[in-house]
Amino acid sequence: MDPKTRNKLSPINRRRLEIFKSNRRGYYSFWLFVVLFGVSLCAELIANDKPIVFSYADELYFPIWSVYTESELGGVLRTEAEYRDPYVMNLIESHGWAVWPPIRFSFNTIDYTYQVVPAPPDTVHILGTDGQGTDIFAKLLYGFRLSVLFGISLTIISSVIGVTVGALQGYYGGLIDLLGQRLVEIQTGLPILFVLIILASIVEPNIFWLLGILSLFSWMVLVGVVRAEFLRARNFEFVRAARGLGVSDIKILYRHVLPNAMVATLTYLPFVLNGSITSLTALDFLGFGLPIDSPSFGRLLSDAKANLQAPWMALSVFLALATLLSLLIFIGEAVRDALDPRRSLGAGEKSEGGTEIVGIQTA
């Protein structure tokens, strides 16, 4: 963060940022995660069976973003050009040039040059191939992106539901809190994994169905935290004053009370993201997750289990998954320390006006 942006932060937020940076393991894990995720977002530019860009008859083509038929390149077929076909490659090279990714295999590209698969690591496939002859590194790269994007999406959905339910329970209390707690207890008592397997086996698996199914249960992690914060904050003096002035409950909830509750909620989000990725991996491993041709860690683990004679498969996916989950845990620990009011406020810390800070700032 540049100095100008840092100076715009409040004293408490500056203190939190310093605590987060002081946790070296969490701080460097955060930047390593950002770099890895950024690289995975550019997966098509790193591992692909199509050129990044090529020139044909003095015109530029971008096959990663557009579909071109073989007939457009002077061929016969009107289907999408197969760029690994020597005939198509010769057409491009004879009329222009092409820029290829460093790895000329996508996650679903089958390398037919190997007679025996899985093939061990070599100069062509740096992590070897799986039982179908596809490149393991490409699958891990695309799988990393898929897992993180799925986990972030599920975390956002879960946070919206969990914070809303917890806020209503904690703010209004009474019958709403009683019914909400019974609902949470009923859902908590269900064998979630078995319910997920049953629901996932009924519908055709795809990423949107899985998001909806997992969202039915993942929001319960945050309800207790948000509810407790709202039960505590609803009796603050500024909340009572807002009620006395006739401010609507919705405005009090989301403008005055929610900022206090979000401090505790944010500490859970890295762990919720971790759990979301683990749930997707487990369902994929059991065969109830994404379609079979999707690049996922769970599918790779399942393939590794079926090919125990190829230890490089299990080792590579285990290290990739362990690294991802460990980074999220370390980040979560650093966020938890940074948002801990006992550390971020400091014992006897004074505000700019000289008054001792005894609580969390509100909006």
Side-chain angles (χ1 to χ4, degrees), residues 5-20 155-188 215 217-273 332-363:
T5 304
R6 186 178 182 278
N7 291 332
K8 293 180 181 180
L9 298 176
S10 64
I12 292 180
N13 288 331
R14 284 201 299 268
R15 172 68 174 167
R16 289 170 178 163
L17 179 61
E18 293 173 357
I19 295 174
F20 179 79
T155 301
I156 293 174
I157 296 174
S158 304
S159 300
V160 172
I161 299 175
V163 169
T164 301
V165 175
L168 294 176
Q169 287 185 230
Y171 184 77
Y172 289 105
L175 182 61
I176 294 179
D177 186 26
L178 179 64
L179 294 177
Q181 283 299 98
R182 300 295 82 76
L183 174 63
V184 172
E185 290 173 1
I186 291 173
Q187 288 201 251
T188 304
S215 299
F217 303 96
S218 56
W219 58 271
M220 294 183 294
V221 178
L222 298 174
V223 171
V225 180
V226 178
R227 173 179 174 270
E229 289 296 321
F230 270 77
L231 284 172
R232 181 179 65 88
R234 69 176 183 173
N235 294 318
F236 285 170
E237 292 184 0
F238 67 88
V239 176
R240 294 180 178 179
R243 288 174 181 166
L245 293 174
V247 180
S248 64
D249 288 341
I250 298 297
K251 185 174 291 187
I252 294 176
L253 276 169
Y254 289 98
R255 188 172 181 179
H256 299 287
V257 185
L258 184 60
N260 292 276
M262 287 306 297
V263 172
T265 304
L266 289 174
T267 62
Y268 277 79
L269 294 187
F271 302 103
V272 175
L273 175 58
E333 292 175 348
V335 172
R336 179 193 59 196
D337 293 342
L339 296 180
D340 187 349
R342 293 171 298 180
R343 298 188 60 184
S344 59
L345 296 178
E349 183 176 342
K350 302 290 184 177
S351 66
E352 293 180 355
T355 304
E356 185 176 356
I357 300 175
V358 295
I360 299 175
Q361 284 188 342
T362 60

request  = Check each of L179, D177, L183, L178 against Q181 using the side-chain contact (heavy atoms from CB on, under 4.5 Å) test, and report the only one that passes.
outcome  = D177
task = Taking all heavy atoms of S215 and all of I157, pick out the closest pair and write down the distance.
result = OG-CG2, 3.4 Å
task = Report the distance from atom CZ of R227 to atom CG of L231, rounding to the nearest 0.5 Å.
result = 5.0 Å
request  = Answer yes when R240 and E237 have at least one side-chain N-carboxylate O distance shorter than 4.0 Å, and no when they do not.
outcome  = no
request  = Work out which heavy atom in W219 is nearest to a heavy atom in S158; give both atom names and the distance.
outcome  = CB-O, 3.5 Å
query = So I252 and Y171, side chain to side chain contact (heavy atoms under 4.5 Å, CB included) or not? Walk me through it.
reply = CA-CA 10 Å; I252 294 176; Y171 184 77; 3.8 Å; yes
request  = Over all heavy atoms of both residues, which pair between S159 and L222 is shortest? Give the atoms and the distance, please.
outcome  = CA-CD1, 3.5 Å
query = Just how far is it from atom OG1 of T265 to atom CD of E229, taken to the nearest 0.5 Å?
reply = 7.0 Å
query = Atom CZ in R336, atom OH in Y268: separation rounded to 0.5 Å?
reply = 10.0 Å
inquiry  = Would you compute the distance between atom CD of E333 and atom CZ of F271 and round it to the nearest 0.5 angstrom?
reply    = 6.0 Å
query = Does the side chain of F230 come within less than 4.5 Å of L253's, by heavy atoms?
reply = yes
Where V184 and V223 come nearest, the two heavy atoms and their spacing = CG2-CG1, 4.1 Å
note = Distance col, row L339:CG vs I12:CD1, nearest 0.5 angstrom, shows 11.5 Å
